[in-house]
There are 2 protein chains.
Amino acid sequence: MKLKATSEYALRILAHMSNTNEDSHTAKGLSQTLNIPYKYLTRIMTNLGKAGFINSTRGKNGGFIFAKPLEEIKIYDILEVMNDVNEDVCLMGEGLCSQGEHCVLHESWSKPKQLIEEMFKNSSLKDLQKSAPFKA
Amino acid sequence: MKLKATSEYALRILAHMSNTNEDSHTAKGLSQTLNIPYKYLTRIMTNLGKAGFINSTRGKNGGFIFAKPLEEIKIYDILEVMNDVNEDVCLMGEGLCSQGEHCVLHESWSKPKQLIEEMFKNSSLKDLQKSAPFKA
DNA sequence: ATTAATTACTACCTTTAAGTAGTAATATAA
DNA sequence: TTATATTACTACTTAAAGGTAGTAATTAAT
């Protein structure tokens, strides 16, 4: 019931970038502002780049910018890239729940779980902007 | 959005014990039936014992039995013992959400999260019995 | 060209969860 | 009282996540 550190970092980075007007962000700046270890952050940035969320330019005045509109980057996509999505995993893993039968808790568990996952799929970085309207 | 292996094992073990009439279960038997590594299982059993869920007897004809009625062992308690509870942890960890302000996703996320946690608190091993009535 | 500022890459180190091995302690039965 | 079947304890190994270090590649400014 907790995202892994890498996912949290990625969300915080992208959310912060979504909430500023600056046309470019450097790893150094992001690292300091968000208090994320510099070297670890650069690796995350590279992955976010490979995933197509951001573009990077090296060298002086280099940095990171979004590669597409905020609405097109879903929270779910980010978690997927960070390898932090576990759909259809039942409460007890390989246990009673997996082989056709379902444990009694299965329903109670999978419903809110699906709710959360739907929310991840429906919300984008646009929704993480401070100005964003409240979204159910 | 996934329990850790140890928690899943613990739940499967206790659920299985709840669903049998045998007055005692051996580590060997549980390990084979549930396909959980023997040595790892015995460590889990020791922890479940220390937590007061089960009693153990060594030696010939030894094994594990419940230390109290099934209703009194809540799923939440089990997860707590397994160190797998993360209440009040926001989506982005130490990020925007922590310092007074909440990110826009906070509500959407924390509601179903709380739902799940409430469910864990309200349901016990009794509810994991195959015969248990469906429970919302 | 040279320097400085940046990202990219590769390899390593640290921590924690997961899993294994060996032995000690305990209880029963023969 | 000896053998056997069990759990308990301690220490190690493995795998994966998290984090660090050094250097190469790239870009811009001077």
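Residue numbers begin at 1 in each chain, while the letters A, B, ... track the order of the sequences.
When the side chain to side chain contact (heavy atoms under 4.5 Å, CB included) test is applied to B:K4, the partners found at least two apart in sequence or on another chain are B:S7, B:N83, B:D84. Residues forming a ring pair (Phe, Tyr, Trp, His ring centres under 6.0 Å) with A:Y38 (at least two apart in sequence, or on another chain): none. Residues satisfying the side chain to side chain donor-acceptor pair (under 3.5 Å) test with A:D77, not counting sequence neighbours, are none. A:Y9 pairs by the ring pair (Phe, Tyr, Trp, His ring centres under 6.0 Å) definition with A:Y40, not counting sequence neighbours. With sequence neighbours excluded, the residues forming a side chain to side chain contact (heavy atoms under 4.5 Å, CB included) with A:L115 are B:P112, listed by chain and number. Take A:K121 and apply the side chain to side chain donor-acceptor pair (under 3.5 Å) test, not counting sequence neighbours, and it matches A:E87. Residues satisfying the salt bridge (Lys or Arg N to Asp or Glu O under 4.0 Å) criterion with A:K2, sequence neighbours excluded, are A:E8.
From the 5' end on, the contacts that DNA chain C makes with chain A at under 4.0 Å to a non-hydrogen atom open and close at C:dA5 to C:dA11.
The environment of NZ in A:K68 is crowded: more than 12 heavy-atom neighbours from other residues, nucleotides or ligands sit within 6.0 Å.
Nearest-nucleotide positions on DNA chain D place A:K4 closer to the 5' end than the other of A:K39 and A:K4.
The CG-P distance, from B:L48 to D:dT7, rounds to 13 Å in whole Å. Atom-to-atom, CG of B:N55 to P of D:dT7 comes out at 13 Å; the value is rounded to the nearest Å. What separates CD of B:Q32 from P of D:dT6 is a distance of 11 Å, to the nearest Å. As rounded to whole Å, 11 Å separates atom P of D:dG18 from atom CG of A:N83. In this structure, OH of A:Y9 is placed 8 Å from P of D:dG18, rounded to the nearest angstrom. The CE atom of A:M82 sits 14 Å away from the C1' atom of D:dA17 (whole-angstrom rounding). Note: NZ (B:K28) to C1' (D:dT4) measures 11 Å, nearest angstrom. Counting to the nearest Å, the C1' atom of D:dA17 and the CG atom of A:D84 are 11 Å from each other.
Scanning residues 57-66 of chain B for heavy-atom distances under 4.0 Å to DNA chain C yields B:R58, B:G59, B:K60, B:N61.
Proximity of B:S24 to B:I65: side-chain heavy atoms (C-beta onward) are separated by under 4.5 Å at one or more points. When side chains are defined from C-beta on, B:L125 does not count as touching B:M17, because their heavy atoms never get closer than 4.5 Å.
Nucleic acid contact for B:T42: none, since no nucleic acid atom lies under 4.0 Å from a heavy atom of the residue. Among the protein residues, B:T26 comes within range of the sugar-phosphate backbone only, with heavy atoms under 4.0 Å from sugar or phosphate atoms but none that close to a base.
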Between N or O atoms, less than 3.5 Å apart, protein on one side and nucleotides 12-14 of chain D on the other: list the pairs.
none

Run the side-chain donor-acceptor check on residues 46-57 of chain B: report pairs under 3.5 Å with partners two or more places apart or on a different chain.
unit_1, atom_1, unit_2, atom_2, d
B:T46, OG1, B:T42, O, 3.0

